[in-house]
Amino acid sequence: METGIVTESTGSRYIILTPDGRRLETRLRGRLRLNGSRTTNPVAVGDRVLYEETPEGATITAVEPRRNYLIRRASNLSKESHVIASNLDRALLVATLFSPVTNTEFIDRFLVTCEAYAIPAAIVLNKLDLAAERPDELDEFIAIYETAGYTVYPVSATEGTGLETLRELTAGKTTLLTGNSGAGKSTLIKALVPDADVRINRISEYHHKGMHTTTFARMYPLAGGGNIIDTPGIKGFGLVDIEPGEVFRYFPEFMRHSPDCQYYNCTHTHEPGCAVTAAVERGDIAPQRYISYIKLLDEDGKYRQ
Ligand SMILES: Nc1nc2c(ncn2[C@@H]2O[C@H](COP(=O)(O)OP(=O)(O)OP(=O)(O)O)[C@@H](O)[C@H]2O)c(=O)[nH]1
Ligand SMILES: [Mg+2]
Ligand SMILES: [Zn+2]
């Protein structure tokens with residue numbers, strides 16, 4: 001039996017990269033499909049899998065333990081979750097200020113999940129060419145996330161601005177791109193891996209939204225080593241298995257202030273002597289981040305009922 005790496009998954013078929021460099025189409029052994037988990041996909045892009053080739057075709061027989069993975073709820077109210085990809089060195093959220101607007105709550109849910117699942121995260125702010133007309137919004141966006149402790153990489157995939165930094169960041173590593181439909185994930189990959197056969201559509205003029213051009217996750221090898229993973233655009237980022245009392249631990253800037261809260265079990269909502277709300281009032285924590293925190297606490301309560 002040999003070990004391959006899953007580079008594409010369509011839900012029923014998986015393309016794996018074999019040790020001798022072939023792209024092999026495989027299916028799942030039935031037992032693996034029913035392993036009792038509440039994930040919609042037992043096998044994800046990035047997984048190292050054992051496979052068997054027979055005259056009837058190739059099958060995946062086992063998935064090796066994952067070094068890490070990124071997961072979200074499959075849809076808003078779903079109890080099922082979806083493993084976006086596994087064995088990652090970094091996850092990048094591709095965000096845009098306009099066309100489409102990426103809302104900060106979405107970004108914060110992504111960041112919380114990355115913290116909870118111990119995946120280094122950063123933000124790629126794409127379509128800088130469009131943002132140049134509104135420098136104040138650009139500066140505000142960067143300030144919110146840099147104050148929180150994250151790096152923001154402003155780029156324009158179509159103009160080529162800022163791509164050298166992204167090349168350095170991704171070289172030799174396995175990097176996941178996620179974000180709303182139309183944010184430019186596939187365009188960025190095409191710019192970084194020119195010979196990749198990536199599908200990109202013009203953004204809808206009418207909706208200023210993407211059209212879900214990418215329908216399956218796919219991993220592309222980088223010329224100098226490393227891989228980059230394109231994923232389908234998503235609308236929301238539902239949290240999986242995060243306790244309400246833990247949520248603040250996944251806001252790094254809250255963790256810097258919370259040791260000074262008067263109560264050791266402070267929830268940073270209504271307590272007197274809360275160092276987190278004091279930091280929000282002083283402007284040391286961005287109000288948008290605090291609002292996301294409160295919404296996450298609320299939503300989590302609903303999810304539990
Ligand atoms: N102005 C501008 N347009 C861009 C930029 N990057 C991408 N676009 C356009 O945005 C549209 C959507 O790009 P895609 O790369 O398909 O977006 P995506 O994030 O892969 O979308 P899904 O596959 O649906 O998730 C296309 O029309 C791109 O040409 C940019 O830096 N500036
Ligand atoms: Mg795409
Ligand atoms: Zn507090």
Side-chain angles (χ1 to χ4, degrees), residues 8 45 84 92-102 106 110 123-134 138 153-163 165-166 176-194 196-220 228-237 244-249 251 253-282 284-285 289-290 293-294 297:
E8 260 176 86
V45 167
I84 301 174
L92 295 176
L93 187 88
V94 182
T96 42
L97 290 177
F98 323 105
S99 180
V101 177
T102 310
F106 173 78
F110 159 82
I123 299 168
V124 174
L125 189 61
N126 190 30
K127 309 202 184 184
L128 189 61
D129 50 309
L130 303 181
E133 295 159 22
R134 305 182 38 194
L138 179 66
Y153 298 94
V155 304
S156 168
T158 47
E159 317 256 300
T161 325
L163 294 187
T165 319
L166 276 195
L176 171 90
L177 299 189
T178 181
N180 294 138
S181 182
K185 301 174 291 298
S186 300
T187 310
L188 274 171
I189 289 184
K190 185 76 189 163
L192 295 172
V193 190
D197 104 69
V198 183
R199 270 191 61 203
I200 298 161
N201 248 330
R202 273 178 52 77
I203 196 141
S204 145
E205 300 282 344
Y206 180 66
H207 296 289
H208 292 282
K209 284 188 177 149
M211 298 178 290
H212 295 279
T213 306
T214 304
T215 44
F216 300 109
R218 179 164 171 189
M219 180 191 271
Y220 296 90
I228 193 154
I229 302 173
D230 195 6
T231 59
I234 51 177
K235 287 208 190 77
F237 211 103
E246 285 177 354
V247 172
F248 81 94
R249 298 187 184 284
F251 283 75
E253 74 274 48
F254 289 26
M255 284 300 281
R256 288 195 288 273
H257 293 282
S258 60
D260 299 330
C261 292
Q262 191 176 325
Y263 299 102
Y264 80 98
N265 58 351
C266 188
T267 64
H268 322 299
T269 53
H270 60 276
E271 293 87 348
C274 172
V276 171
T277 50
V280 176
E281 273 155 33
R282 278 198 314 274
D284 292 342
I285 288 179
R289 293 272 293 166
Y290 187 71
Y293 169 68
I294 297 298
L297 288 184

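Ligands are counted one by one from 1 in listed order, and the atoms in each one are counted from 1 as well. For reference, positions follow the sequence shown, starting with 1.
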*Check against side chain to side chain contact (heavy atoms under 4.5 Å, CB included), F216 and V45*: CA-CA 10 Å; F216 300 109; V45 167; over 6 Å; no
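Here the side chain of K127 pairs no donor or acceptor atom with the backbone of A183 at under 3.5 angstrom.
With a 4.0 Å cut-off on non-hydrogen atoms, V94 does not touch ligand 1 at all. Of the heavy atoms in L130, only side-chain atoms (C-beta onward) come closer than 4.0 Å to ligand 1.
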Can I get a per-line list of side-chain donor-acceptor pairs under 3.5 Å for residues 155-163, giving both atom names and the distance, sequence neighbours left out?
{"unit_1": "S156", "atom_1": "OG", "unit_2": "D129", "atom_2": "OD1", "d": "3.0"}
{"unit_1": "S156", "atom_1": "OG", "unit_2": "E159", "atom_2": "N", "d": "3.1"}

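Between E159 and ligand 1, not a single N/O pair is under 3.5 Å apart. The shortest N/O to N/O separation between T231 and ligand 1 does not fall below 3.5 Å. In terms of polar-atom proximity, D230 is not counted as a contact of ligand 1, lacking any N or O under 3.5 Å from an N or O of the ligand. Among the atoms of G184, some N or O lies under 3.5 angstrom from an N or O of ligand 1. In terms of polar-atom proximity, G182 is counted as a contact of ligand 1, with an N or O under 3.5 Å from an N or O of the ligand. In terms of polar-atom proximity, A157 is counted as a contact of ligand 1, with an N or O under 3.5 Å from an N or O of the ligand.
A217 approaches P232 most closely through the heavy-atom pair N-CD, 3.8 Å. Heavy-atom minimum distance, S99 versus L130: CB-CD1, 4.1 Å. Between T269 and Y290, the shortest heavy-atom contact is CA-OH, 3.6 Å. For the pair G182 and P100, the tightest heavy-atom approach, listed with the atom from each and the gap, is O-CD, 3.5 Å. Nearest heavy atoms, N180 versus K185: O-NZ, 2.8 Å. The two residues N126 and T96 make their nearest non-hydrogen contact at O-CG2, 3.5 Å.
The CZ atom of F237 sits 5.5 Å away from atom OG1 of T178, with the distance rounded to the nearest 0.5 Å. A distance of 11.0 Å separates CD1 of I229 from CG of L92, quoted to the nearest 0.5 Å. Note that CZ of F110 and CD1 of I234 are 9.0 Å apart. Values are rounded to the nearest 0.5 Å.
Near G233, meaning under 4.0 Å from one of its heavy atoms, ligand 1 places the atoms 25 (O).
Within the structure, the salt bridge (charged side-chain N to carboxylate O under 4.0 Å, His left out) test picks out no pair touching residues 264-275 (sequence neighbours left out).
Using a 4.5 Å cut-off on side-chain heavy atoms (C-beta onward), L138 and L128 make contact.
Heavy-atom proximity to atom 14 (P) of ligand 1, evaluated over D129, T187, L188, is greatest for T187.
At least one heavy atom of A183 sits less than 4.0 Å from an atom of ligand 1.
Any protein N/O/S atom under 2.8 Å from the Mg ion (ligand 2) was counted, giving 2 altogether.
Around the Zn ion (ligand 3), the protein N, O or S atoms closer than 2.8 Å are C261 SG, C266 SG, H268 ND1, C274 SG, listed by chain and residue number.
Ring planes of H268 and F248: perpendicular class, angle over 60° (limits at 30 and 60°).
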